[in-house]
Amino acid sequence: YNEYKSYLSIMTAGEEIFVAMVTFVASCFMVFGGVIPYIPQYLQIVKEKSSEGFSLKVCLVLLVANILRIAFWFGKFYELPLLVQSFLMIAVMIAMLELCLRMKNQANLPPSSVKRFTGTFQHVQPRVHAFRLNVQPLHVFMHFACTYKSLYRLATVYLFL
């Protein structure tokens, strides 16, 4: 930068605006250039309802690499667009992981395997307290627990393969 300082001092206002625009466009390409290839892939997975051919290990490697790059930034500062790119890539990788795990879960579990509580709790008497909490009924919690416990287990297995 010091080499160009003397050149920058003799630039006209139009040249300074041009350099600022080129710098901004280059920064935008740096930030969004790593994310753009995942957009068609995301749309294809949604369209086909299958994440076949997409490796979850790639997401893991990119997540670790971008987390390390963010951690490195605190020790030695580098360009801000690269830091923004790291945060954006982490968000995109989490979105891809969520989509792939959702699609694999739908493909692996038949619809009849989802457990739903359909009984009643006639023998359970609610306790009366001095204060009233807005608590969901137990069957809503059981449905939530049965559905999302299997998703959590599936995500854990895929992430640690």
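Remember, predicted model here, so these are calculated numbers, not experimental data.
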Single-linkage hydrophobic cluster, 4.5 Å side-chain cutoff, F29 and M89 together
no
Rounded to the nearest 0.5 Å, the CD atom of E16 sits from the CE atom of M21 at a distance of 14.0 Å
So the side chain to side chain donor-acceptor pair (under 3.5 Å) pairs with at least one residue in residues 27-48 (sequence neighbours excluded) are Q44-E48
Can you tell me how far SG of C59 sits from CD1 of I90, rounded to the nearest 0.5 angstrom?
12.0 Å
Rounded to the nearest 0.5 angstrom, the OG-CG distance for S51 and L101 is 8.0 Å
Joint cluster assignment, M93 & I36, ILVMFWY side-chain distance < 4.5 Å
yes
R102 CZ to I45 CD1 distance, which is reported to the nearest 0.5 Å:
10.5 Å
Indicate every side-chain donor-acceptor pair of residues 76-88 with a distance under 3.5 Å to a residue at least two apart or in another chain.
{"from": "Y78", "atom 1": "OH", "to": "R69", "atom 2": "O", "distance (Å)": "2.6"}
{"from": "Q85", "atom 1": "OE1", "to": "R69", "atom 2": "NH1", "distance (Å)": "3.4"}
{"from": "Q85", "atom 1": "OE1", "to": "R69", "atom 2": "NH2", "distance (Å)": "2.8"}
{"from": "Q85", "atom 1": "NE2", "to": "M30", "atom 2": "O", "distance (Å)": "3.1"}
{"from": "S86", "atom 1": "OG", "to": "R69", "atom 2": "NE", "distance (Å)": "2.6"}
{"from": "S86", "atom 1": "OG", "to": "R69", "atom 2": "NH2", "distance (Å)": "2.9"}
{"from": "S86", "atom 1": "OG", "to": "L82", "atom 2": "O", "distance (Å)": "3.2"}

Assigning hydrophobic clusters by single linkage (Ile, Leu, Val, Met, Phe, Trp, Tyr; side-chain heavy-atom cutoff under 4.5 Å), is V31 placed with V35?
yes
Are the side chains of L56 and K104 in touch, meaning some heavy atoms are under 4.5 Å apart?
yes
Is it true that I39 and L62 fall in one hydrophobic cluster, defined by side-chain heavy atoms closer than 4.5 Å?
no
Do I70 and I67 land in one hydrophobic cluster if side-chain heavy atoms of ILVMFWY residues count as linked below 4.5 Å?
yes
Report yes if some heavy atom in the side chain of I94 is under 4.5 Å from a heavy atom in the side chain of L63; otherwise report no.
yes
